[in-house]
Amino acid sequence: MKELPPQYLPQDVEKRIYEQWMTAKIFEASETHKKSYTILMPPPNVTGVLHIGHALTCTLEDVLTRWKRMLGFNALWLPGTDHAGIATQMVVERKLFSEEKKSRHDLGREEFLKRVWQWKEESQTTIHSQIKMLGSSVDWTRLRFTLDDQASRAVRECFVRLFHENLIYRDEAMISWCPRCRTALSDLEVKFGERKGKLWHIRYALKGDAKKFLVVATTRPETLLGDTAVAVHPDDKRYKEFHGKTVVLPLMGREIPVICDEYVDKEFGTGALKITPGHDPNDYAIGKKHKLPILTLFDDGARINEVGGIYKGLSREKGRDTIVEDLKKAGLFEKEQDHSSNVGACDRCQTVVEPRVSRQWFVKAEVLAAPAIKAVEDKRIRIVPEEWEKTYFNWMRNIRPWCISRQLWWGHRIPVWYCGSCSHVMSATETPKACDKCRGTALTQDEDVLDTWFSSGLWPLSTLGWPDETEDLKRFYPSDVMETGFDILFFWVARMVMLGMHFKKEIPFHTVYLHPMVRDEFGQKMSKTKGNVKDPLEIIHTKGADALRFTLCAMAVHGRDVLLSDARIEGYRNFVNKLWNATRFVIMHFGDVTRSNVRLTDPVNGWILTRLNETKREMNAQLEQFRFDEAATTLYHFVWNDYCDYFIEFIKRKGEIDSRKGLKDSTALEVLEEILRLAHPIIPFVTEELWSHLPLKSDAKCVAVAQYPVKPLIGDFPEAQAQVGKMIEVMNAVRRVRGENNVANNQTVEVRVFAEEKVKAVFRPLMDCLADVTGASRLTLLDPSEELAFANEKLAVVGSMNIRVALPQGVGGDAAGDALRELQEARAALKKVTELLGRAGFADKAPAAVVLKEREKEQMLRVRIEQLEKTTGK
RNA sequence: GGGUCCAUAGCUCAGUUGGUUAGAGCGCUACCUUGACAUGGUAGAGGUCACAGGUUCGAGCCCUGUUGGACCCACCA
């Protein structure tokens with residue numbers, strides 16, 4: 001047997017172990033005779049490296065996968081990456097600019113895309129190695145990418161079908177435009193935030209009477225260049241005389257009508273609203289209603305175009321300043337007020353978005369939403385934690401058209417062609433040779449690409465081979481659990497449900513488990529600018545992947561953020577080390593035990609086996625409910641408190657260890673083996689390494705494919721459990737007395753246990769052990785009637801028995817005083833219980849068990865008080 | 001404006017359907033180089049469960065309100 005070092009050194013172990021698993025091909029979901037269990041990894045973006053949130057996802061999904069694999073499922077955890085349209089294009093553009101001072105247009109579409117593919121390869125390699133470092137048991141043979149051939153085929157198929165079902169359409173509409181990314185965005189990609197600004201009051205003179213004007217209040221004076229009306233509330237008395245009149249647009253001289261619309265809030269600003277249908281969603285609606293002209297004032301980069309006359313070429317910001325100045329000069333400026341309002345910004349680059357009318361492709365999401373809502377209502381899809389269902393419904397029921405076209409280069413090209421001769425629009429999975437209508441061959445493909453979430457939304461289908469009816473699709477669709485963060489519930493989960501329901505007529509997964517966000521120890525969101533990011537790799541390097549994984553599990557509480565602190569990780573690193581050393585100890589003494597030999601005559605054995613069974617039951621139930629935190633805690637307590645602190649300490653006593661070794665008692669070993677199995681899904685590396693040193697290993701070479709403990713090893717032994725439970729209580733009581741009186745460990749005491757015969761019988765088989773663990777030179781079992789003679793010794797009360805401890809000469813204090821104090825306390829407690837029991841209705845309304853307990857308590861207190869009165873004489 | 005969630009020990013958090021003395025980790029104090037482990041052991045201190053009412057024999061848990069926080073959704077100039 002190889003000697004284990006006294007400390008677990010993860011660096012020496014992890015890489016080797018992962019390679020072992022790969023060589024043994026245990027991650028491949030190839031055991032098709034078994035029932036399958038499927039998790040599709042939410043594909044990380046190929047924008048760079050993984051962060052701690054990915055580590056959480058990987059850990060939780062790996063725990064589930066490993067657990068189910070050990071339970072005998074054909075477990076598939078399918079890995080992949082996401083091309084992440086805007087995000088990746090942005091990263092590469094930025095890199096290109098900083099390194100070569102070039103824009104993507106300098107390179108051209110083809111060359112630029114080549115660079116992005118290069119970046120993707122590098123980034124993907126990094127990501128894969130990080131996934132491995134975490135110990136993820138993914139099936140690498142099924143690796144996928146949202147822009148690979150299979151995914152592209154699925155995307156085109158999906159688009160074409162929706163197009164022909166009229167669920168995808170092209171329309172001119174008001175959309176959010178990012179002037180930096182120069183693309184349209186969906187509603188979800190715009191994040192609103194309070195921004196400080198001003199409310200400018202501007203005079204719009206009445207046509208024909210320059211002395212009369214309407215004062216308009218606006219937060220965006222620069223858009224006045226595109227105004228096509230001014231609106232007032234029809235009931236607003238102040239503006240009655242303007243109804244039906246025309247005003248002159250300041251600086252431009254254009255004449256625009258004053259219209260009445262109830263949308264206008266009389267209380268806000270001046271009650272007069274300038275209407276810019278081209279650059280404000282509300283104004284657009286009013287403009288449509290009143291059939292106003294729609295002027296587009298800004299170009300793709302949000303610079304003022306020819307509509308703005310002399311202001312052409314100015315940016316939005318510069319335009320605003322210039323226009324305010326000019327208004328002041330022209331005497332058309334009334335005043336300005338501080339005012340903050342909600343402004344939308346690009347989710348990716350934080351640039352303020354420009355609402356803009358443009359021609360884009362949309363999905364009729366409200367049609368797709370209906371079956372997706374129903375699936376969750378019917379609980380065919382279960383969302384965990386359940387609270388998120390409300391959020392899901394709320395969004396789904398108010399869903400709006402989904403803008404899917406992006407004016408980018410990196411992504412799935414929209415499979416739509418326009419005929420140069422007859423303007424026919426057609427959509428097809430393969431590039432058409434000629435126009436369906438006029439047979440003309442001058443076809444041009446749509447320049448735009450699809451929203452990255454369009455392909456992600458197909459992930460459950462495309463990864464398994466759809467649109468082909470592949471074996472994998474039959475076998476693994478729907479998947480079991482979709483494990484991801486709640487921040488992409490709408491972006492991703494909702495879309496997968498919609499598309500899955502539409503194309504497969506079946507749910508894409510049975511359960512959605514939404515994990516919490518990872519924050520720093522103060523609850524702050526991690527961000528590079530704040531400098532509080534925790535790099536998972538650094539943690540793995542310094543403390544080991546298992547410590548990180550255990551921490552993430554232990555903190556994955558439902559409905560709260562994960563607050564990650566170094567102290568916590570260190571604590572769990574210590575736990576891993578504890579397990580390591582417990583194994584060392586067991587191997588050191590029982591390493592040559594090769595046959596199962598559990599002596600059930602020893603209550604300590606029965607006790608630990610019973611506790612083990614409880615632990616198994618709890619952990620399986622907790623994992624079933626995605627309570628990773630509870631499963632981790634259950635394991636932690638069993639290993640540290642029960643197995644190490646008590647079991648090993650009990651058998652470590654002089655004599656006992658030799659006797660066990662002599663008898664080749666296998667209990668310690670067998671319980672340890674079960675511990676390694678139980679722990680493996682959470683801390684795979686250390687358990688696999690330790691497993692290889694065990695002499696027994698009944699059923700598998702790798703713990704990764706050993707059976708997960710479900711059934712009792714031998715059985716439950718309630719009697720032994722009760723015996724040892726009592727012994728632990730006595731032990732703790734004596735230790736407390738020793739501790740409180742500062743009795744050194746090497747000093748012995750005398751312990752007397754006063755109890756009824758029934759209780760005494762419980763202790764007889766444990767006398768030696770109890771004497772040892774309490775540090776007693778003499779341990780005696782006595783009748784309660786004999787206690788009076790020892791009234792001057794220290795007392796501890798445990799359940800229905802009293803324990804007296806005779807301290808060594810020269811230590812300890814005033815036993816009589818203690819007794820008096822206890823008497824007073826007992827009297828007070830008795831009063832309370834009697835009161836409770838006396839209260840009318842208590843016995844009728846309270847459960848019988850509670851009443852019984854209270855009665856018992858009362859009785860015990862009475863007896864105790866009587867004893868104390870005797871000993872103290874009061 | 002609508003919605004969701006949270007407030008428990010110095011810190012970060014558990015506490016399942018109301019039921020003995022409200023728990024854990026870290027931190028803190030004292031003692032222990034005990035032959036698996038000082039990344040260890042033993043003991044200890046520390047809580048008006050945010051506040052105010054209510055329901056109940058009984059409330060950290062249920063109800064109402066207040067205060068303080070977090071987040072999501074929403075086009076109010």
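This structure is a prediction, so every number in the text was calculated from the model and none was measured.
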Can you measure [X] atom [atom1] to [N] atom [atom2] for me and round it to whole angstrom units?
{"X": "Glu656(A)", "N": "U34(B)", "atom1": "CD", "atom2": "P", "value": "22 Å"}
{"X": "Asn577(A)", "N": "A38(B)", "atom1": "CG", "atom2": "C1'", "value": "11 Å"}
{"X": "Gln7(A)", "N": "C37(B)", "atom1": "CD", "atom2": "P", "value": "11 Å"}

When you check the phosphate oxygens OP1 and OP2 of [N], does a side-chain N or O of [X] lie under 4.0 Å from one of them?
{"X": "Trp640(A)", "N": "U39(B)", "value": "no"}
{"X": "His637(A)", "N": "A24(B)", "value": "no"}
{"X": "Asn394(A)", "N": "C72(B)", "value": "no"}
{"X": "Arg627(A)", "N": "G15(B)", "value": "yes"}
{"X": "Asn398(A)", "N": "G2(B)", "value": "no"}
{"X": "Lys578(A)", "N": "G41(B)", "value": "yes"}

- Message: Just to be sure I understand the rule, does Ser341(A) reach a base, reach only the sugar-phosphate, or reach nothing, if contact means heavy atoms closer than 4.0 Å?
- Response: sugar-phosphate
- hbond_proxy Lys274(A) side chain to A77(B) base (donor-acceptor, 3.5 Å cutoff): no
- Hey, what's the ring geometry for Phe550(A) with Phe575(A), parallel, tilted or perpendicular (30° and 60° as the breaks)? tilted
- Task: Using a cut-off of 6.0 Å, state whether more than 12 heavy atoms not belonging to Glu194(A) lie near its atom CD.
- Result: yes
- Query: In chain order, what residues pass the side chain to side chain donor-acceptor pair (under 3.5 Å) check against Asp487(A), with sequence neighbours excluded?
  - Reply: none
- Can you name the side-chain contact (heavy atoms from CB on, under 4.5 Å) partners of Ala229(A), sequence neighbours left out? Pro257(A), Ile259(A), Ile275(A), Leu292(A)
